[in-house]
Amino acid sequence: MNTTLKHWKESATLILAAGHRLGVASRTPRTVAAVSPQDSSCGPQHLPHKSRFDYDVLLLKRSGKSGFMPNAYVFPGGKVHSSDFSSEWLDIFKSFCNFSNFGLGNVTQPLETRPPIFATDRLKFGSPIPGEVAFRICALRETFEESGVLLVVPKLEEKSLLKSIEDKGDTAQGQHYKVNDLCSTELTKWRALVNQNPSNFIRMCRELEVLPNIWALHEWCNWLTPTGQYGVTRFDTMFFICCLQEIPHTLQDEKEIVRFQWSTPSEVLQSYISGEFWIAPPQFYELSRMCRVPLLEDLHDFSSRRAREGCEQWLPLVSLKEKQYLSLLPGDKDYPLDPSGEAEVGTCTDPQQEDAQDDSALHRFVTVDQNTINIQITITPKYNHLLPVVTFPHDLKSQS
């Protein structure tokens, strides 16, 4: 853990996509108007109809008593715990310690442009666990705590996993993943223990002879909480994505999380725009990106390949302008080269940043009210990432 940060708490979240399965009753029915096909341009498009998707995404409703984003629908995830960086993981992953990042491999992004959450040398804080590994462990642990979904690899499959890494150099090109098949009684027991003390996640893996499936999680994006938006607490959050073959058994913890929902990305956005619930701008942006890829196999292939490129740290800069909130993102013509002025955040010295600073470069949110966000973007996404599907919220409301 980086204990020197003054304003941010490091955290990880998991975008969990799962293939549709007949008879799944956990999916909330929604009504979405017919929409036009996706367009590859940067101009306004309509959301793809839910019938075009063969997968759902997991969202969890935070408790109204939560100190951060109460009642919001979020992806599973949370703050990193010291146990996620524990040296005890070396014993659990001992067969993988000779591989770069325990077999995750390296990204092509230069170290000097990497988000600080990954570029930070964790050995300086007494941990031999690389950030790329520890934050995946955090995302997996938090997902288990909040939703009961446990993504692990049995020790019995360790040899085949090692061979896959040795043969291909990574495990990303395989099929999208299955969830564990442990009995519900065992899962309930360990989930309670991990909720009591996150370090029990290590104990669970040791006693059940399983490995956290860090290889199933692909680097997606990195968001910083803007100043003064959600109270005093601010997070430096790494977003990962994982594709499952089918929707797993899911159960909220009735503490931090009071409800769960599996829905297509377009259904979630439509529900948000129609005022049924609220999602934060990062979730809105990432779900808008996913609307570009309605098929699970394509999403898995894209996310596993794209992750090798790396990602950029984003700190939205929010201001009030003509009764609307304007949130500038990196690459926008009005976005400063040093947005933070706070040394512990770190600013990437990415040469691509200067190239994007032209008079026509837009990369911003315009928030009219709690359920009306418009993304304006004319730049090309860095690191081979997806453009979000840009919509006119009032058009979608009129179609409902």
Response to the item:
Correct closest heavy-atom pair for P76 and T143 would be CB-OG1, 3.7 Å
Worksheet, complete the sentence: side chain to side chain donor-acceptor pair (under 3.5 Å) with Y73: of E276, R259, K61, only one passes, and it is R259
Worksheet entry | Any donor-acceptor N/O pair, T378 side chain to Q376 backbone, under 3.5 Å | no
Item to complete: May I ask you to decide if the ring planes of H385 and F302 are parallel, tilted or perpendicular, using 30° and 60° as cut-offs?
Response: tilted
Worksheet item: How far does CZ of R52 sit from CG of L295, to the nearest 0.5 angstrom?
Response: 8.0 Å
Practice prompt. Please work out which of the three classes, parallel, tilted or perpendicular, describes the rings of F144 and F201, given edges at 30° and 60°.
Written response: tilted
Worksheet entry | Nearest non-hydrogen partners of H363 and G331, listed with the distance | CB-C, 4.4 Å
Worksheet entry | Given Q109, E312, E309, the one that forms side chain to side chain donor-acceptor pair (under 3.5 Å) with Y383 | Q109
Worksheet item: Are side-chain N/O atoms of T237 and S11 paired as donor and acceptor at under 3.5 Å?
Response: yes
Item to complete: Could you give me the CA-CA distance, side-chain angles and deciding distance for F96 and W215, then say whether ring-ring contact (aromatic ring centres under 6.0 Å, His included) is met?
Response: CA-CA 11 Å; F96 300 86; W215 308 277; 4.8 Å; yes
Worksheet item: Step by step, would you call E207 with W190 a side-chain hydrogen bond (donor to acceptor under 3.5 Å, both in side chains)?
Response: CA-CA 10 Å; E207 292 192 18; W190 282 109; 5.4 Å; no
Discussion item. Which residue in the set C291, S288, P48 passes side chain to side chain contact (heavy atoms under 4.5 Å, CB included) when paired with P265?
Written reply: C291
Worksheet item: Could you give the distance from CG (L90) to CZ (F102), rounded to the nearest 0.5 Å?
Response: 5.0 Å
Worksheet entry | No-hydrogen, no-angle side-chain donor-acceptor test under 3.5 Å, E267 and T264 | yes
Practice prompt. Check the angle between the aromatic planes of W89 and F93 and answer parallel, tilted or perpendicular using the 30° and 60° thresholds.
Written response: tilted
